[in-house]
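To start, the structure under review is shown below, and the notes come after it.
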Amino acid sequence: AQTIHQWPVAEIKAVGSPLSLGCTIKGKSSPNLYWYWQATGGTLQQLFYSITVGQVESVVQLNLSASRPKDDQFILSTEKLLLSHSGFYLCAWSGTGEQYFGPGTRLTVL
Amino acid sequence: QQQVRQSPQSLTVWEGGTTVLTCSYEDSTFNYFPWYQQFPGEGPALLISILSVSDKKEDGRFTTFFNKREKKLSLHIIDSQPGDSATYFCAPNTNTGKLTFGDGTVLTVKP
């Protein structure tokens, strides 16, 4: 069975500080991977997707970047956080059409 | 431009009742229609999905209906339970990985 793990579970960071969020998928070879952002009480917005190692496509940037250093790993980062980056970050993988989401990382920027 | 609309925004039903959520979209190229269920503090979970070649799919207490002509779909929950209390999102797409989520419907089922 496939499992998706996100780290950290939650972060509290200062405006202007760097950020790195991670996602690992196990049990699925060469998955398509996605990053989403969700404001509190809001909908999900797709940020990035990757179909293979080293390739990342931006959907909505929001002053963030993403990388895929390994087949099973997807990283979301920024060098300078903004207040507007606060929210819930979700990683997802897709099989044959459906997307499956991880548990998410709650980010609070102060 | 709002591509995907969900209604109602929130809904309260009594335990044992029937819940009906609706979703409408504009892009006629959408051909895959998943519904996601999200509990507070958790990632969304795929609940049920339907392809545009079908007009109905059932899974236990959950049924989704699809109307291609009207570009609408609905999610019906029979015998609603307090454990069904969650936010429900539709996310119609063209099966290429680009999901467009609706704003969601917050469902509360009261015992």
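Residue numbers start from 1 in every chain, and the chains themselves are labelled A, B, ... in the order their sequence lines are given, proteins ahead of strands.
Put simply, the side chain of C90(B) does not reach to within 4.5 Å of the side chain of Y25(B), judged on heavy atoms. Under the 4.5 Å side-chain criterion, counting only non-hydrogen atoms from C-beta, P8(A) is in contact with L21(A). No side-chain heavy atom of D27(B) sits less than 4.5 Å from a side-chain heavy atom of P92(B).
Contacts between L44(A) and chain B at a heavy-atom distance below 4.5 Å involve backbone atoms as well as side-chain atoms. Residue Y49(A) does not touch chain B at all, counting heavy-atom pairs closer than 4.5 Å. Q99(A) touches chain B through backbone and side chain together, each having a heavy atom under 4.5 Å away. In this structure, chain A has a heavy atom under 4.5 Å from the side chain of L46(B), while its backbone stays farther away. If you measure heavy-atom distances from Q45(A) to chain B, you find no contacts under 4.5 Å at all.
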Carefully, step by step, assess S77(A) and S65(A) under the rule side-chain hydrogen bond (donor to acceptor under 3.5 Å, both in side chains). CA-CA 5 Å; S77(A) 60; S65(A) 59; 3.3 Å; yes
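For the set P44(B), P34(B), P40(B), the entry with the most heavy-atom pairs within less than 4.5 Å of chain A is P44(B). No other option in G43(B), S49(B), G97(B), G41(B) has as many heavy-atom pairs under 4.5 Å with chain A as G97(B).
Proximity of a side-chain donor or acceptor of S80(B) to a complementary backbone N or O of E15(B) within less than 3.5 Å is not detected.
Note: H5(A) and W7(A) have parallel aromatic rings, judged against thresholds of 30 and 60 degrees for the angle between ring planes.
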